[in-house]
Structures are given as C-alpha cells and as structure tokens.
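Atoms within a ligand are numbered from 1 in the order they appear, just like the ligands themselves. Side chains included, hydrogens not; waters and symmetry mates left out as well; all remaining heavy atoms used.
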Amino acid sequence: MAGAGFESLERCLEKHLPLADLQEVKRILYGKETRKLDLPSRAFEAASKGDFELQGYAFQALTEQQRRPRTVRMGLVQNRTPLPADTPVVKQVTALHRRIEAIVEVAAMCGVNIICFQEAWTMPFAFCTREKLPWTEFAESAEDGPTTKFCQELARKHDMVVVSPILERDTEHGDILWNTAVVISNSGAVLGKTRKNHIPRVGDFNESTYYMEGNLGHPVFQTQFGRIAVNICYGRHHPLNWLMYSINGAEVIFNPSATIGVLSESLWPIEARNAAIANHCFTCAINRVGEELFPNEFTSGDGKKAHRDFGYFYGSSYVAAPDGSRTPGLSRNRDGLLVTELDLNLCRQVNDIWGFKMTGRYEMYARELAEAVQPNYSPKIVKE
Ligand SMILES: NC(=O)NCCC(=O)O
C-alpha cells in the first residue's frame, strides 16, 4: 500500500502518458474539463511559504435568461496534525488553530466564500485506540467551545462561512460526545450543527466507543452563498444519507473525512462523485493527510499484531459537480487548500436534463422501505 511516496494519481498520469492519451484518459476519468482558476500570485507565495499546496478550478454552467449566475467559491482544507499525538492536548489544539488560520488567510486571498475543514480537525484521529483520556479532552461545546469561537473570528474577519467538524461535548444532555460539524455563518453567528449519522465499525475505525449515530437528521443550512449540508465521513457509503440532504434542498454537500489507503482509497474517487451525479448537487470530499502515531499499541480485532499507527491518510480531496465532472485531487502527501468556483445554477440545469428527482419514485421506495424495516417482513423472493 502506497504511503507518502506516491504523490497522486494525477501526477502519475501526467508523468507517464503522452498528451493526446492523457486528454482522453482525463475526459473519461474526470468528465468535462474544469478550468484552472487564476488565483493571485501572493496566494501561491503564501502557500509555498506555509508549505501547503494550493490548487484552484472552476466549473461552468450555461447562461440563463431569467436567473443570474450564482457563482460561489468553496475552500477545502486537508492537513496533517502538526504535533505528535502525545503532546499536551491544549498545545495540539493551538497548533492546529494556527495552521488552519494560515490556510484560511490564503483562502480569503482567493475569494473563498465557504470553507470546510477535515473531520475532527482539532485532534489526532484517536478513536482507533478505544482509550478515553486524553482523547475525550479534545471534545468541545459546538455552541461556545474555543474552536467555535476561533471559527467565529475567522468567519467575521474574512466574511466566510466556516464548516468546522469537531468532537462535540454536549453539556446540556448528560455531557455526552458526538461527531459534529458546526456551521458558522459569514456574520460570525453559529447557524447550527449537524451530527455524523453513520458510525463505522470497520477495523481500526471502531468509533462507537466514543459517540453514537447522530440524532439531528439531515439539516440543510441556508447561507448567503447557497444551501449547504455536511455528510460526515462514513456517511458517504450510504446513498440514502446523501439523498436526504439533497431532498432537503442541499446544493453543496461537504464530506469531511478521515480515511486510510488500505481501507478506502479505491472507493474515494467514486462515492462522493456518484452522490453529486445522483443528487444533482456539488459534493466536496475532504480527507486528512499522513500518519499518526499513538502512545499505546492497539489491535484492530483482526488477529493481526498490535500497532501504534492507523495507516496512511491519503488526502486526495476533490470536488464533484452534478454533471459528473470533477476536479483533480489534492496530493496524497501534503497539506493543501483546494479552491473551486461553482455556479450553483448547474444543479437545476442538470436536474432538468437527467430528471432524477422527477423519476426517483420516492413514494414507491418509501412504501417498500417502511414495510421492509418491520420485524415480521419477509423479503419478496419469487420461488418456483
Ligand atoms: N472516520 C470515518 O468514519 N472513517 C471510516 C472509514 C471510511 O469511511 O473510509
């Protein structure tokens, strides 16, 4: 399994394919070509100084007679945890705040309207350990914890909507933990929060020791820059999860994630992209980067030796559009900011062509699913 040595699929194709073949391969693998965004040179300079990658692409929609283009810029941030996992908790959180602050500065130079960070961005992805302290100390209030306050400052300063996925401690309800994304308006107000609906129990991703399946359903947030939703990590394997955000009107669905190569790298380019196609919306898939080493060994319940690392988080964040086109991914091995310009009018334009909302037969599925979840249901198998 490739680690940091393999930079990205795109670089590999560009390096090895003759130009004519490369164009055809990209047409088939990536759909209609996204235009490179002309981002300010000072943004590239700041990114290079801050040692993170900066890429920018634009998706086009057709010009309409009665609606003006609804052009907005999204920022996706992928990053390593800058300090070792055994550093004191507050130091780690502060280092992450400083890192993200620098990346958001560059996003602001690039005119980003909505920015989203990776899943549980204020901490190492410690859920594999199944230990409680110190990891549960990374949990914070979604409404007024230090990270939310930090993001409110960013939102106000840069007139930017901030999507901040954190480990939430809900002091109003028994001090319990949730895997939550806080959505902060560009005014600086907390617009609301959404919780991870599907919790993995796969190998080291056995997260149910910490929090249970979200209880907030599928909220969509009306922002000044479009209607957004957040489908956290493992939720991307569940087509109905994407569907419900889309039914509630999401035009852009973020998928902040933490996932490793050995488990999901071949699924990664497919799932969020397929969700964009199936639901006539944009999807933004974000993954963390690098290896995280924990102080104590843990096992994965698979008979293999105990280990202290999780595997390789392969980055590769990308955006997919309702017409099936997608940006190249950020690299597998560097912190990065992906800036994309979207015309949200594309959602309805593609809906009018393919008509999945119209042909979806939701009433039939609602009826059949309502029957199928009954304890006395017997599957409709026709036998001789
Ligand atoms: N964080 C998380 O839900 N990871 C699960 C692994 C995956 O969905 O690829």
Is Phe125 near ligand 1, meaning one of its heavy atoms is under 4.0 Å from it? yes
Do the rings of Phe125 and Phe127 sit parallel, tilted or perpendicular, given the 30° and 60° boundaries? perpendicular
Looking at atom 2 (C) of ligand 1, what's its closest protein heavy atom, distance included? Cys233 SG, 2.9 Å
Just which atoms of ligand 1 are under 4.0 Å from any heavy atom in Ser264? 9 (O)
Determine, considering heavy atoms only, which of His237, Lys196, His198, Arg201 sits nearest to atom 3 (O) of ligand 1. Lys196
Contacting atoms of ligand 1, where contact means under 4.0 angstrom from a heavy atom of Glu119: 1 (N), 2 (C)
Are Arg308 and Glu297 close enough for a salt bridge, meaning some N to O gap below 4.0 Å? no
Less than 6.0 angstrom separating the ring centers of Phe59 and Tyr57, yes or no? no
Any idea which protein heavy atom is nearest atom 9 (O) of ligand 1, and the distance to it? Thr259 OG1, 2.6 Å
Out of Ile232, Asn179, Leu263, Val202, whose heavy atom sits nearest atom 6 (C) of ligand 1? Leu263
Check whether the ring centres of His198 and Tyr234 lie less than 6.0 Å apart, and answer yes or no. no
Centroid-centroid distance, Phe294 to Trp135, less than 6.0 Å: yes
Contact (N/O only, under 3.5 Å) between Ala258 and ligand 1: yes
Counting heavy atoms under 4.0 Å, the part of Tyr234 that contacts ligand 1 is both
Before we go on, tell me: are the rings of His218 and Trp242 under 6.0 Å apart, centre to centre? no
Answer yes or no: are there more than 12 heavy-atom neighbours, outside Glu14 itself, under 6.0 Å from its atom CD? yes
Using a heavy-atom cut-off of under 4.0 Å, does the side chain or the backbone of Leu267 touch ligand 1, or both, or neither? neither
